[in-house]
Amino acid sequence: MARRTGWWRTQAPAPGSATPARASHGRTFGVPLFTRINPSPDATTEAPSEEPSAEAEKTPVTETRPKGARGTAREAPTADSQPLPTDPADSDSADKPAQSPKPNWRTRRPIAARNLRWAVTALSVFLVLVSLQMPNTVGNFRFSEFLRLPAEAIVAAVVLLAMPRRPRVITAACIGAFLGALTVLNLLDMGFVEFLGRHFNIVLDWVLLDDAQSYISDAIGTTGSIAVTLAVILLTLLLPIGTALACVRLSNLLVRNNTVATKATLIAGTVWITCMSLGLTIGGVPIASDHTAGVVKVHVRRASDTFRDEAAFAKFAKNDPFAKTPGDQLVPDLRGKDVIFTFIESYGRSAIEDPIMSPGVDKTLADSQQALTDAGFAAKSGWLTSATFGGNSWLGHSTFLSGLWINNQQRYNTLVNSDRLTLPEVFRRTGDWRTVGVMPGVQKGWPESKFYGLEKNYSSKDLGYQGPKFSWSTMPDQYTLEAYQRLEHGKKSDKPLMSEIILTSSHQPWAPLPTTVPQDQLGDGSVFDSIQKAGKDPKDVLYDGTAAKEEYGKSIQYSITSLIDWLTRYGTDDTVLVFLGDHQPMSRVSGSNASRDVPVSVVAKDPKILDKIADWNWTDGIRPADDAPVWKMSAFRDKFLTAYGSTPHP
């Protein structure tokens with residue numbers, strides 16, 4: 001605006017003039033204070049009236065600003081004058097009639113809008129509190145867990161109240177997104193504990209999600225698998241977004257009610273400290289909680305331990321007492337024997353000791369033992385503690401065969417890229433055995449067969465099976481063993497066999513299950529079509545604890561029966577069978593506090609074979625006693641090699 005240098009005056013219009021004279025310096029804003037009239041030489045000057053005339057009071061007062069006239073003023077037009085022409089674009093908005101704001105649904109329905117705001121706020125509070133208190137095991141998923149007072153919420157409120165708007169919004173969004181991601185990890189933890197008996201490892205276990213998707217597809221079908229996969233993806237994406245928006249909304253609410261929020265935060269902090277000091281609980285759960293911080297610390301420590309373990313394990317794996325033992329000094333006491341290592345899927349201690357499953361399994365073991373005795377076989381049995389639980393069978397297999405504790409995928413990867421001596425490689429290195437694998441669960445390429453020392457590996461597509469799948473299991477164990485007999489064991493050879501066989505019919509979800517068919521009807525497996533169609537639906541079994549136990553027990557009975565039937569039919573004086581479980585079944589079947597023990601048995605006709613392991617103090621027969629020795633599964637390789645005459649050469 002131009003600087004004022006004196007009183008501003010305007011010229012009155014000449015008598016009879018249609019246009020008012022312009023002021024020498026512009027225009028006024030509002031009503032002019034003084035009016036100067038241009039007199040004739042004879043005219044006299046009148047002092048301006050201090051009281052406005054009635055006509056002047058009726059004169060509308062307007063303001064116009066022509067371009068380039070900032071800070072100048074012009075008299076409002078009088079009743080007998082016409083306004084100066086102006087550019088419409090230069091007219092002030094005050095010249096236009098006031099317009100009321102366009103009504104929206106909030107103004108039309110204020111009660112509904114208020115209720116919606118309250119509902120969204122309540123949902124935000126609920127989402128944030130659930131994310132802060134979400135347990136990571138199914139057993140801890142109870143109402144009292146969500147009644148705790150989280151320290152993290154109190155600290156976050158203090159921080160957000162002290163921040164300017166823009167940093168506050170960004171910080172709140174980041175906190176919310178982190179809470180959502182942590183909730184996803186807690187859900188993964190629940191699944192891993194339920195099915196695998198261990199927590200999710202954020203460094204190693206992402207690769208297992210592909211196996212989980214394949215398992216779901218086999219268990220509930222392709223359509224169900226796609227639906228579950230989409231639901232998981234949407235949850236993973238939307239949950240962090242939802243918690244981020246919830247935290248932003250709550251931070252705005254805190255700032256709008258700053259005084260109340262500050263007092264409430266102070267009170268909450270005082271209550272938290274008091275409850276922590278006094279150890280107050282609700283339903284056995286501490287009221288003062290730092291659950292989220294604890295979960296974060298556990299994941300960080302687990303990741304840190306994983307990175308440290310990688311280097312330490314790689315160094316330890318090189319320390320092999322039989323690494324340089326010449327072939328002629330390896331297992332000399334087994335020369336000429338057909339040695340068969342057989343894993344029975346999920347055959348765990350619970351099958352023998354659980355009151356629901358043990359009656360049927362114990363009867364099968366007793367009947368099988370009698371069949372072995374009648375055929376001239378004897379056995380000794382003990383317990384091995386598996387490196388895995390509920391799944392990840394390859395970790396149990398590799399632990400047993402390598403003599404190393406392989407309890408995660410990183411160790412497995414390190415192992416198969418090392419020169420560690422495995423049991424199949426021991427027999428191959430002697431030059432006196434043909435080493436083969438029979439693995440119906442392998443449905444893709446399996447390059448690890450070379451590491452294990454298998455000269456020939458039969459995957460599911462190599463066994464000639466034309467029947468139906470039984471959920472995850474590609475074929476019944478009875479057919480697998482008959483195919484092994486047809487392809488390898490029943491053929492004449494100048495070398496005995498060392499075989500690794502994996503039986504899969506006892507793989508979860510234990511529905512539908514195969515049943516034994518007459519041997520002469522086995523054929524290409526098509527005979528199982530009607531059995532598979534008449535079987536139970538996996539969804540009706542897997543999520544019913546009692547039904548799952550019953551069907552799991554039946555699957556173990558079927559696998560043991562199939563194996564012993566094969567042995568009594570085709571076994572010879574030179575057959576040595578070592579069979580064991582690879583891990584316990586999932587916790588819903590074995591129990592949340594179940595051990596990781598699995599049965600292991602050595603069966604042979606030649607008494608010298610069992611005499612070699614007499615000092616192991618194992619139980620006679622294929623049912624180990626409850627108090628039989630328990631070894632770590634990684635200890636078996638060295639004990640077995642030593643018992644049968646191998647000479648260590650570190």
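Reckoned from all heavy atoms, side chains included, excluding hydrogens, waters and symmetry mates.
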- [ ] Heavy atoms only: give me the nearest Ser471-Pro509 pair and the separation to one decimal.
- [x] OG-CD, 2.9 Å
Open item on the list: Keeping Asn186 on the side-chain end and Met134 on the backbone end, is there a donor-acceptor pair under 3.5 Å?
Closed with: yes
Open item on the list: In the structure I gave you, are the side-chain heavy atoms of Glu145 and Gln133 within less than 4.5 Å of one another anywhere?
Closed with: no
Open item on the list: Between Glu551 (side chain only) and Val541 (backbone N and O only), is there a donor and an acceptor less than 3.5 Å apart?
Closed with: no
Task: Test: Arg198 and Asp205 ion pair at under 4.0 Å - done: yes
- [ ] Check whether any side-chain heavy atom of Arg148 lies under 4.5 Å from a side-chain heavy atom of Ile282, and answer yes or no.
- [x] no
TODO: Considering non-hydrogen atoms only, spot the tightest contact between Phe470 and Ile531 and give its length.
DONE: CE2-CG2, 4.2 Å
Task: Any side-chain donor near an acceptor of the partner, Thr306 and Asn201, under 3.5 Å - done: yes
- [ ] Look at the side chain of Thr270 and the backbone N and O of Leu266, then say whether any donor-acceptor pair between them is shorter than 3.5 Å.
- [x] yes
Task: Sub-4.5 Å side-chain heavy-atom contact between Arg117 and Arg249 - done: yes
Open item on the list: If we count only N and O atoms by modelled type, under 3.5 Å, do the side chains of Arg349 and Ser595 hold a donor and an acceptor together?
Closed with: no
Open item on the list: Closer than 3.5 angstrom, by distance alone: can the side chain of Gln410 be matched with the main-chain N or O of Leu204 as a donor-acceptor pair?
Closed with: no
Open item on the list: Is it true that, when you exclude Asn593 itself, more than 12 heavy atoms of the residues, nucleotides or ligands shown sit nearer than 6.0 Å to its CG?
Closed with: no
TODO: For Gln508 and Gly390, work out which heavy atoms get closest and say how close.
DONE: OE1-O, 4.0 Å
Open item on the list: In the structure I gave you, are the side-chain heavy atoms of Trp206 and Leu188 within less than 4.5 Å of one another anywhere?
Closed with: yes
Open item on the list: Could you check whether any side-chain heavy atom of Leu149 comes within less than 4.5 Å of a side-chain heavy atom of Ile154, counting everything from C-beta outward?
Closed with: yes
TODO: Test Asp305 against Arg302 for salt bridge (Lys or Arg N to Asp or Glu O under 4.0 Å), laying out the working first.
DONE: CA-CA 5 Å; Asp305 291 344; Arg302 192 177 297 142; over 6 Å; no
Task: Audit row: Val255, Ser251, side-chain contact (heavy atoms from CB on, under 4.5 Å) steps and yes/no - done: CA-CA 6 Å; Val255 172; Ser251 72; 5.8 Å; no
Open item on the list: Within the 4.5 Å heavy-atom criterion, are Thr388 and Leu196 side-chain neighbours or not?
Closed with: no
- [ ] Without swapping roles, check the side chain of Ser289 against the backbone of Pro150 for a donor-acceptor pair under 3.5 Å.
- [x] no
- [ ] State whether a side-chain donor-acceptor pair under 3.5 Å links Gln409 with Trp394.
- [x] yes
- [ ] Could you tell me whether a side-chain N or O of Ser506 sits under 3.5 Å from a main-chain N or O of Glu345, the two making a donor and an acceptor?
- [x] yes
Open item on the list: Check whether Glu152 reaches the backbone of Thr292 with its side chain - one donor and one acceptor, N or O, closer than 3.5 Å.
Closed with: yes
Open item on the list: With a 3.5 Å distance limit and no angle check, can you tell me whether Thr504 reaches the backbone of Ser473 through a side-chain donor-acceptor pair?
Closed with: no
TODO: State, with a plain yes or no, whether a side-chain heavy atom of Asp582 is found less than 4.5 Å away from one of Ser386.
DONE: no
Open item on the list: I'd like to check Asn136 versus Val193 (side-chain heavy atoms, cut-off strictly below 4.5 Å). Are they in contact?
Closed with: no
TODO: Report the relative orientation of the aromatic rings in Trp510 and Tyr552; use parallel for angles under 30°, tilted for 30 to 60°, perpendicular for over 60°.
DONE: perpendicular
- [ ] Would you sort out whether Asn408 and Asp309 count as a side-chain contact (heavy atoms from CB on, under 4.5 Å), showing the intermediate values?
- [x] CA-CA 11 Å; Asn408 60 51; Asp309 178 71; 4.2 Å; yes
Open item on the list: So for atom CG, which belongs to Leu278, do other residues, nucleotides or ligands contribute more than 12 heavy atoms lying within a distance under 6.0 Å?
Closed with: yes
TODO: Any pair with a residue in residues 259-308 that passes ring pair (Phe, Tyr, Trp, His ring centres under 6.0 Å), sequence neighbours left out, goes on the list, sorted by first then second residue, please.
DONE: none
